[in-house]
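Written out below as structure tokens is the structure these notes cover.
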Amino acid sequence: MKRIFEIDPWKLTSHTFSKEDKRLQESMTSLGNEYMGLRGNFEEGYSGDSLKGTYYAGVWFPDKTKVGWWKNGYPDYFGKTINAPSFIDLPILINGHRLDLATDQVSDFELSLDMHQGLLTRSFIYEGPDCRVKFEFERFLSVVIKEAALIKVKATVLSGEADLQVTSRLNGNVFNEDSNYEEGFWDALDEDESSRSIQLKTKPNNFGTPQFTVLLKESVREDGQVISGKVATKSGLVDETFKKHLATGESWELEKDVIVVNSRDVADSDQAEKADELMAKLQEKSYADNLADHEAVWAKRWEKCDVTIEGDAAAQQGIRFNILQLFMTYYGQDPRLNIGPKGFTGEKYGGATYWDTEAFIVPMYLAVAPKEVTRSLLEYRHEQLPGAYHNARMQGLKGALFPMVTFNGIECHNEWEITFEEIHRNADIPFAIYQYTHYTGDDSYVKDEGMDVLVGTARFWADRVHFSKRKGQYMIHGVTGPNEYENNVNNNWFTNTMARWLLSYTLERWPLATEAAKKRLNVTDEELAKWQDIVDKMYLPEDKELGIFVQHDTFLDKDIRSKDTIPADQLPLNQHWSWDKILRSPFIKQADVLQGIYFLNDRYTKEQKEKNFDFYEPMTVHESSLSPSIHSILAAELGKQDKAVELYERTARLDLDNYNNDTVDGLHITSMSGSWLSIVQGFAGMRYNEKGVSFAPFLPKKWTGYSFKINYQGRILAVAVDKDGAKLTLVSGNDLTVKVWDQEVTLKEGQTQCLKD
């Protein structure tokens, strides 16, 4: 396994510039601040192989769906986050030569992402024919002023003399690699020389989705003072050029301040004024002071969410990297936003919202961020209920069907086996309501807005099932379960189980709904009776002899064998086998039956969990980034500690070690919570339900200790585990009773309890 960054608990640092790993480096050094983000592209430009990407949250375009033939109910378009106008560009000339690390000779290269403060730095020495110049770059996207990006470049002549030219560029002439279009997505509206700004608008579309207007403004400071250069404009582009002659030993430092506003927040006609206002606010402080403010916010976040690991620096680096990238993608500041599988790190998956958020990210955010962050994620789905009703109608069904992929609630995925069939999402997404309610103790959402979601999805499931007269049970045919290496199967156990859960939970919560909710939803007694009948008679495939829940009706008819029988040179399967061969095989992309056991954990015995784990995990190739964490958590619960640690390492360093050979496309953002879940729910054994919170921790063999904090129902609880046992401290909040192994302890504020298994 090749690592391009050195092991360090708080940094990603490399002293080697590898051209063949350039895209990997770009993915891993991506930055974001929830409002916007970009890959780790070089400011001065790069002529070699690279994926140049800048992305603005919530700004997208509907790409025409292309299928072999039209299908009734098929989405009209495939939405995608588009490559947005770039603001980091600083092309540099040295004695008339264009600086380009793809062709130039350099030495003393260093690239470093400081995870504690979300700061990217890079330095190297240009070894030219007539001079040696050291260049140092810094940049960050402010979490204090979300519309602000700050970039700094310093040049120092080590030998010879250099005529330097630096151009501060705003560039709207950008393209997507995965676009079906021959032209860009942006129309230039204005290039303003006096204000150093460009304004662009997404091209018109035929689907009635919004067009977005963005305005970028730049200003350059030297020694803290705004300076002016020579300005030139072209369509969608503004250049401001600065020149300086440096002798040996002399330095030149420039700071590029950027403001980006868009029509999601600011009307087109008001954008120039708003950008001026924000630029003035930004430039009230120096670069150093703005960075200090930015770092202070990150320090508060880390105080709440950090997981410390002693004895394994690679594991420590992995989990901090994942937490950083998650929080750079989303921290709940804007309820209109959600978390795309690639975040701000690449184009794959179109930057849209998947079920990953509710299934994998909500459990972590509940514990490490203010509860309002998760509440925003719930509200995001509630706001998109009209789109969910539209999706169900398109399939000729009642109720609401949440989309597999969306920006606005309307399904915009372009693969039929996902769009029509991977409907388990319609229970997984509402499952977040259950998690929020039980974890926080706040039932205000489930009683009102949440009831809209539960009833809408219950009505869908009641229409989507069918009754088998032959078996006297309800069934769900023609689905794709979480294991996407099987399509169009009947009675996927996970799908049937979660549909049954959704109906049962809706029946449980309906009597407690607000009067306003009951009035607007008007659930009839006939509906309630039908839902209960489905709950009572849902078919759940099971093999009593094997003691397992059967993944779907015909799964056991396959050539059942372990993944160890696959030749190593044929992995990953999705890069070597035909789709037909994958579909016929018994190999599982990600947790399917085991996903259901994880969700509804307290409903199953240890024997049931163990038999299903021992049957399915050996066939699982973990070619979804979402897979290792679920298996790690269940392995830990079953005492399979080595397997739990092995799968933790895979989820923690999935991107840093490029396990699936696809990190060049961007990071696996929505699976990054898996490393936290593997430690807290896996190694520490945290569980929560109506009875409260409990732990059953163990210490991995290679570690000497680990610790973390959670906020639980208004309390901050610190947990530390080492060779001597577990130590729990109630940092703040009311008394809390916690079960650790088989011991029940009551903690008071400021009190620590030490326990041994």
Side-chain angles (χ1 to χ4, degrees), residues 10-12 29-38 40 43 54-57 87-88 90 112-123 136-154 168 196 215-227 253-262 264-266 273-306 320-321 323-334 337 343-344 365 368-370 372-373 376 709:
W10 276 111
K11 291 184 178 181
L12 262 64
T29 55
S30 297
L31 292 178
N33 68 352
E34 188 174 8
Y35 178 79
M36 58 184 174
L38 69 162
E43 288 90 346
T54 303
Y55 312 99
Y56 305 156
F87 48 77
I88 65 163
L90 290 166
S112 185
L113 174 61
D114 186 320
M115 295 186 286
H116 194 268
Q117 56 185 342
L119 176 71
L120 183 62
T121 61
R122 180 168 54 99
S123 63
E136 300 168 84
F137 295 88
E138 286 188 15
R139 73 172 181 247
F140 68 97
L141 303 182
S142 173
V143 292
V144 179
I145 303 174
K146 66 180 182 180
E147 299 89 351
L150 295 91
I151 305 108
K152 187 167 68 172
V153 57
K154 180 179 180 180
S168 179
R196 278 69 167 175
L215 184 141
L216 290 75
K217 178 181 177 65
E218 60 96 6
S219 178
V220 176
R221 290 194 269 187
E222 182 181 31
D223 298 325
Q225 300 299 313
V226 176
I227 59 173
E253 184 173 286
L254 296 175
E255 173 199 336
K256 179 178 182 178
D257 298 323
V258 178
I259 295 294
V260 178
V261 295
N262 67 62
R264 295 181 69 251
D265 300 312
V266 183
E273 182 180 353
K274 183 64 175 180
D276 289 344
E277 174 190 323
L278 290 167
M279 183 65 78
K281 180 180 179 182
L282 177 66
Q283 294 188 332
E284 287 174 359
K285 296 185 176 183
S286 67
Y287 176 93
D289 287 343
N290 278 310
L291 178 58
D293 290 346
H294 169 81
E295 184 178 6
V297 174
W298 272 109
K300 289 180 180 178
R301 292 180 178 181
W302 283 114
E303 175 63 23
K304 294 177 181 177
C305 72
D306 192 23
R320 283 184 174 146
F321 176 69
I323 292 172
L324 171 78
Q325 290 292 344
L326 272 170
F327 284 1
M328 287 199 299
T329 304
Y330 183 86
Y331 203 73
Q333 307 300 312
D334 187 341
L337 298 176
F344 298 116
Y365 275 37
V368 299
E372 290 75 20
V373 173
S376 289
K709 292 177 182 174

Under the 3.5 angstrom rule, does the side chain of [X] hit a backbone N or O of [Y] as a donor-acceptor pair?
X	Y	result
Q325	S30	yes
W298	L324	no
K256	F87	yes
Y331	A369	no

Give, for atom [atom1] of [X] and atom [atom2] of [Y], the distance between the pair rounded to the nearest 0.5 Å.
X	Y	atom1	atom2	answer
M36	T54	CE	OG1	9.5 Å
I259	D276	CD1	CG	10.0 Å
L119	K11	CG	NZ	9.0 Å
T329	F327	OG1	CZ	10.5 Å
K274	L215	NZ	CG	13.0 Å
I145	K285	CD1	NZ	8.0 Å

Which of K152, R221, E138 passes side-chain hydrogen bond (donor to acceptor under 3.5 Å, both in side chains) with Y287? Answer is E138
Which residue, E43, E218, E255, forms the side-chain hydrogen bond (donor to acceptor under 3.5 Å, both in side chains) with S168? E218
Which heavy atom of [X] sits nearest a heavy atom of [Y], and at what distance?
X	Y	result
T29	G40	OG1-CA, 3.3 Å
L141	A149	CD2-CB, 3.5 Å
Y330	S376	OH-CB, 3.4 Å
S123	E136	CB-CG, 4.0 Å
F344	N33	CE1-N, 4.5 Å
Y35	V260	OH-O, 3.0 Å

Atom CD of E222 with >12 non-hydrogen neighbours under 6.0 angstrom: yes
Within a reach of under 6.0 Å around NZ of K146, are more than 12 heavy atoms found that belong to other residues, nucleotides or ligands?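 Atom NZ in K146 is packed in, count exceeds 12.
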Does the side-chain contact (heavy atoms from CB on, under 4.5 Å) test come out yes or no for I88 and V258, once each step is laid out? CA-CA 8 Å; I88 65 163; V258 178; over 6 Å; no
Can you find a pair of side-chain heavy atoms, one from [X] and one from [Y], that are under 4.5 Å apart?
X	Y	value
I227	L254	yes
L31	L113	yes
V297	V144	yes
D114	T121	no
R301	V143	yes

Ion pair present between K300 and E303, side-chain N to carboxylate O less than 4.0 angstrom?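 A salt bridge is absent here (no side-chain N lies under 4.0 Å from a carboxylate O).
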Salt-bridge criterion met for D334 and R264 (N-O under 4.0 Å): yes
Can you check side-chain contact (heavy atoms from CB on, under 4.5 Å) on E295 and F140, steps first, answer last? CA-CA 10 Å; E295 184 178 6; F140 68 97; over 6 Å; no
From CA spacing to verdict: side-chain contact (heavy atoms from CB on, under 4.5 Å), L12, M115: CA-CA 8 Å; L12 262 64; M115 295 186 286; 3.9 Å; yes
Would you call the rings of H116 and W10 parallel, tilted or perpendicular, taking 30° and 60° as the class edges?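 Rings of H116 and W10: perpendicular, over 60°.
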Evaluate the side-chain contact (heavy atoms from CB on, under 4.5 Å) criterion for residues L282 and N290: first the C-alpha distance (whole Å), next the side-chain angles of each, then the deciding distance (0.1 Å), finally the verdict. CA-CA 8 Å; L282 177 66; N290 278 310; 3.6 Å; yes
